[in-house]
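Comments concern the structure below.
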Amino acid sequence: MWSFLTPRSLAGQVFLLQLVVVLLLIATAVVVLVLQDRNRAIREAGDQSLAVAETFANAPGTAAAMKSKDPTAALQPHAEVVRNKTGVDYVVALSPYGFRWTHPDPEKIGKHVSPSYGEALTGQPHQTTFDSSLGKAVDSTVAVFDEKGDAVGLITVGVTVDKVAGMVQHQLPVIYAAGGVALLLAGGGSALVSARLRRQTAGLGPVEMTRMYEHHDAVLHAVREGVIILDGDGRLLLVNDEARRLLALPPQAEGRPVTDLGLSPTLAALLGSGREATDKVFLAGDILLAVNVRPVGPKGGSVATLRDTTELRALAGRADVAGGRLRLLYEASTRIGTTLDMKRTAEELAEVAVPRFADFATIEMDESVLHGGEPTGASTDLHRIAVEGIRDDAPLRPVGTRMHYVPGNPVAIAMGTGRPALLEHLASADGWRAQDPERARRIIEYGIHSMISVPLQARGQLLGVVEFWRSEQDPFEPDDLSPAEELAARAAVCIDNARRYTREHITAVTLQRSLLPGVLPELSALEVGHRYLPAQAGVGGDWYDVIPLPGARVALVVGDVVGHGLHAAATMGRLRTAVHNFAALDLPPEEILGHLDDLITRIDEDSAAEAITGATCLYAVYDPVTGRCVVARAGHPGPALVAPDGTVTFPDIPVAPPLGVGAGLPVETAELRLAADSRLVLYTDGLIEARGRDIDVGFGMLRDALADTRGATPDDTCQAVLDAMLRTGSSDDVALLVARTRLLDPDQVAEWEVPHDPAAVARIRAEATDRLEAWGVGEAAFTTELILSELVTNAIRYGESPIRLRLLRDGDSLICEVADGTSTSPHLRRAASTDEGGRGLFLVAQMSRRWGTRYTDRGKIIWAEQDLDAGASGDLGALLLAEL
């Protein structure tokens, strides 16, 4: 039996293999058929049970029978008829609550079943496969619905899988017959092959066999590759001439263990082990051998081939070096200069060079270059801005050190000539060691032995210098100068770009800071807090301002010029200057925004550079006497108002188009009445708008942030709002202005209705003097009498009723306001020596800190503001003497 299972002839082995394959195929086919038949039977059983269940459920009268008084009597006969005719195992009718109405076993009628019918009550048929006492079975459950669509019962039908199986019994004989035919064919084929092989080898004699061996031996010894054949014990069976030469084997090497041939221990161990190996490199004398080992034969023999790769290795090493340098330069082109920050660019240069090109790298820059200025090129004083190394304990000077290179130092020489300096052996570089002998000694003792210094040059200007140091790698060679220069050149261009960007950025920031208000004025009407945060991208065009107005009023302004850079900052400065000029004319908010709209349009028309893509502004005027605040806005977000009780609202302010696109459309205003201790919050859109966040969400966040600042000062309110709204920074500028309102004490305001009669001036003057005495500023009475007499007399003489006089005391200021019903404005002039009049308004101007005219809906107001701390009476006497 064993000899039959282990035939020696090739034909017998092929026949045995074919026999095994045929038997495996037959077994596989039977298993597949059985599985397919089982699956098909389950599907057919499920289809049959589902069809019977749906037919019975949808049959006329089924729903009515289930709703009858005795469903069992109505349904049981029909269920048994259906079961017998269809061949299913059971047909069971259930109530919606799971109680049986029918069953092949009458004893089970009325009993409850497990709740697996819930899915069927929704109108979806429910099927389950389970193991019953008769084998695997399939159960299908469907619901019965009445005409209203309500489930009145369930029909469940079960079928055993064995009732629909049986295909395999019909196909097995065919499979067995096919397998027998295949075995007969395999046996016949094997017999034919065996006979053919015997015929083909019968004519081969010793001569032919010898010739064949000679041919093989000639080829074996002629190839330029060493071949060694060993047995399972590691003894040398055959070796060709090339193997003898490469390994320097003795003449009688065959038959000896490979470990006795004088080979290196590692090579001998590999050859003797018989393990498979591919291109393992070993040193044999001055030759590098690539060894391949393949096990052969059932007794553990092996064949090894050997190739001389010394020359190939040298070429490959040079190619690897060149390829490594190319990869280094490519990586430098992608990793250096990712930002416009000089320090970061220098760090990227060091990170690229270490450890692939050098073990340490240091970069120094000219001090003026670091601040964006032009390099001087005359000084060897540099500032170290980057240090990178394979270890952190190197005795190189750290970042921040100011480096001064003496003239004899190779670094200074390289900076002067613009060419790199190579120090292959630092220990023998006297000029380098003379710079700092003690530090040079520590560097050499640390193990740093070689250095290349390369100037960083761009556009013919020296920006700084980079030094590459080696400690663990081989010393630098002249071939390393080229990649060092390439690295430095690429970094220098990026550093110069960053320098010019830094210069422009500093210029823009300086311009913008100079255009924004420095210290806001101290005001009795408002307590103001403010913040300005530039965008992460750089300088922008957001701005704010607080402008004192006559009559103790204050103008609050917030604006935004779209864009960033010098153009936006310059435009912002022009708008802020224009607002100051318009505010000096005491124009109402809507007129100021109208003039700004015209100004932006003219700027765009006259500018040969880029046009203004958009500008917005909000202008508010607050009067502390009445608490009245008039607000107008052009394309700008409306203010937030925090009441004294902490309630936060967003007043409805009519919005006009942004500046420059208004096309002459009128600007509407809104009037707010602000109680004392209210906070008016003005801001730019950078505070509430953010990428990926809806603006309504921003308003909600601002409302919540302000609600949490009840009782806080304006400055604290600003900080709390920024902390809540800008946790991750902002891509746009943010200007924020918070003003806490105050109201003047009614005792600080005096008003009179002036009759249109010159005789009333004396009475008004006397009452005003009494009020000044009550305020404790009687020393200003003479000047005040002169001013109000002139203003009231002019109003009676040239104006129209109603005429009103108002005195305001605001800190160290006394404000006199005379209102009348005409819009004619007086003009200041210097009277000639022969003129009898014309000096009154001149005297008012001289005795006042400032004076002016503002227009109202019903006329005008001429006002004059006195400085209570100045000696007005003495000044007046000197002035009158000068006039005389």
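Computed over heavy atoms, backbone and side chain alike; hydrogens, waters and symmetry mates excluded. Keep in mind the model is a prediction, meaning the values are calculated, not measured.
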Test item: [X] and [Y] side chains (from C-beta on) under 4.5 Å apart, heavy atoms:
X      : Y      : result
Leu672 : Pro651 : yes
Leu726 : Val734 : yes
Asp757 : Ile796 : no
Thr649 : Thr647 : yes
Thr784 : Leu814 : yes
Leu805 : Glu751 : no
Arg499 : Met342 : yes
Glu800 : Asp820 : no

Looking at every heavy atom in both [X] and [Y], which two are closest together, and how far apart are they?
X      : Y      : result
Arg850 : Leu549 : NH2-O, 4.2 Å
Gly799 : His756 : O-NE2, 3.3 Å
Gly635 : Thr616 : O-CG2, 3.0 Å
Thr626 : Leu743 : C-CD2, 4.4 Å
Leu788 : Ala768 : CD2-CB, 3.5 Å
Pro589 : Ala632 : CB-CB, 3.9 Å

Counting only heavy atoms not in [X], do more than 12 fall under 6.0 Å of its [atom1]?
X      : atom1 : result
Asp723 : CG    : yes
Arg858 : CZ    : no
Phe650 : CZ    : yes
Arg797 : CZ    : no
Glu671 : CD    : yes

Report task. Take Leu706 and Val721 through the side chain to side chain contact (heavy atoms under 4.5 Å, CB included) test and state the conclusion after the steps. Result -> CA-CA 7 Å; Leu706 291 173; Val721 168; 3.5 Å; yes

Backbone N/O of [Y] and side chain of [X]: donor-acceptor pair under 3.5 Å:
X      : Y      : answer
Arg740 : Ala712 : yes
Gln748 : Arg809 : yes
Trp775 : Asp747 : yes
Arg742 : Leu523 : yes
His530 : Val546 : no
Tyr619 : Val579 : no
Ser801 : Ile803 : no
Thr577 : Gly573 : yes
Thr783 : Ala780 : no

Query raised in the report: Does the ring center of Tyr532 lie less than 6.0 Å from the ring center of Tyr544?
Result: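 Between Tyr544 and Tyr532, which both carry aromatic rings, the centre distance is not below 6.0 Å.
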
**Report entry** Candidate pair Cys617 and Val558, rule side chain to side chain contact (heavy atoms under 4.5 Å, CB included), full reasoning
**Finding:** CA-CA 6 Å; Cys617 184; Val558 173; over 6 Å; no

Going from [atom1] on [X] to [atom2] on [Y], what distance comes out if it is rounded to the nearest 0.5 angstrom?
X      : Y      : atom1 : atom2 : answer
Asn581 : Leu599 : CG    : CG    : 10.0 Å
Arg710 : Thr717 : CZ    : OG1   : 13.0 Å
Arg765 : Glu785 : CZ    : CD    : 6.0 Å
Leu791 : Trp851 : CG    : CH2   : 8.5 Å
Leu702 : Asp704 : CG    : CG    : 9.0 Å
Glu591 : Leu596 : CD    : CG    : 12.0 Å

Indicate yes or no: does [X] engage [Y] in a salt bridge with an N to O separation below 4.0 Å.
X      : Y      : value
Asp708 : Arg703 : no
Arg553 : Asp586 : yes
Asp715 : Arg531 : yes
Arg854 : Glu817 : yes
Glu767 : Arg763 : yes

Report task. Show your reasoning for whether side chain to side chain contact (heavy atoms under 4.5 Å, CB included) applies to Tyr622 and Leu526. Result -> CA-CA 9 Å; Tyr622 173 68; Leu526 295 171; 3.7 Å; yes

**Report entry** Criterion side chain to side chain donor-acceptor pair (under 3.5 Å) on Ser813 and Arg849, from CA distance to verdict
**Finding:** CA-CA 9 Å; Ser813 299; Arg849 177 191 293 168; 2.9 Å; yes

Requested in this report: Decide whether His580 and Asp545 meet the rule of one side-chain donor and one side-chain acceptor closer than 3.5 Å.
Outcome: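 Short answer, yes.
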
Requested in this report: Please determine, by modelled atom types, if Ser848 and Gln866 share a side-chain donor-acceptor pair under 3.5 angstrom.
Outcome: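 Per modelled atom types, Ser848 and Gln866 side chains form no pair under 3.5 Å.
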
Query raised in the report: Step by step, would you call Val749 with Leu807 a side chain to side chain contact (heavy atoms under 4.5 Å, CB included)?
Result: CA-CA 6 Å; Val749 182; Leu807 291 180; over 6 Å; no

Query - Given Thr741, Thr713, Thr709, the one that forms side chain to side chain donor-acceptor pair (under 3.5 Å) with Arg679 - result: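 Of all the options given, the one that passes is Thr709.
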
Query raised in the report: With Glu773, which residues qualify under side chain to side chain donor-acceptor pair (under 3.5 Å), at least two apart?
Result: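 If we apply the side chain to side chain donor-acceptor pair (under 3.5 Å) test to Glu773, skipping adjacent residues, there are no hits.
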
Query raised in the report: What do the steps show when you test Asp560 against Thr684 for side chain to side chain donor-acceptor pair (under 3.5 Å), and what is the final call?
Result: CA-CA 7 Å; Asp560 183 6; Thr684 55; 5.4 Å; no

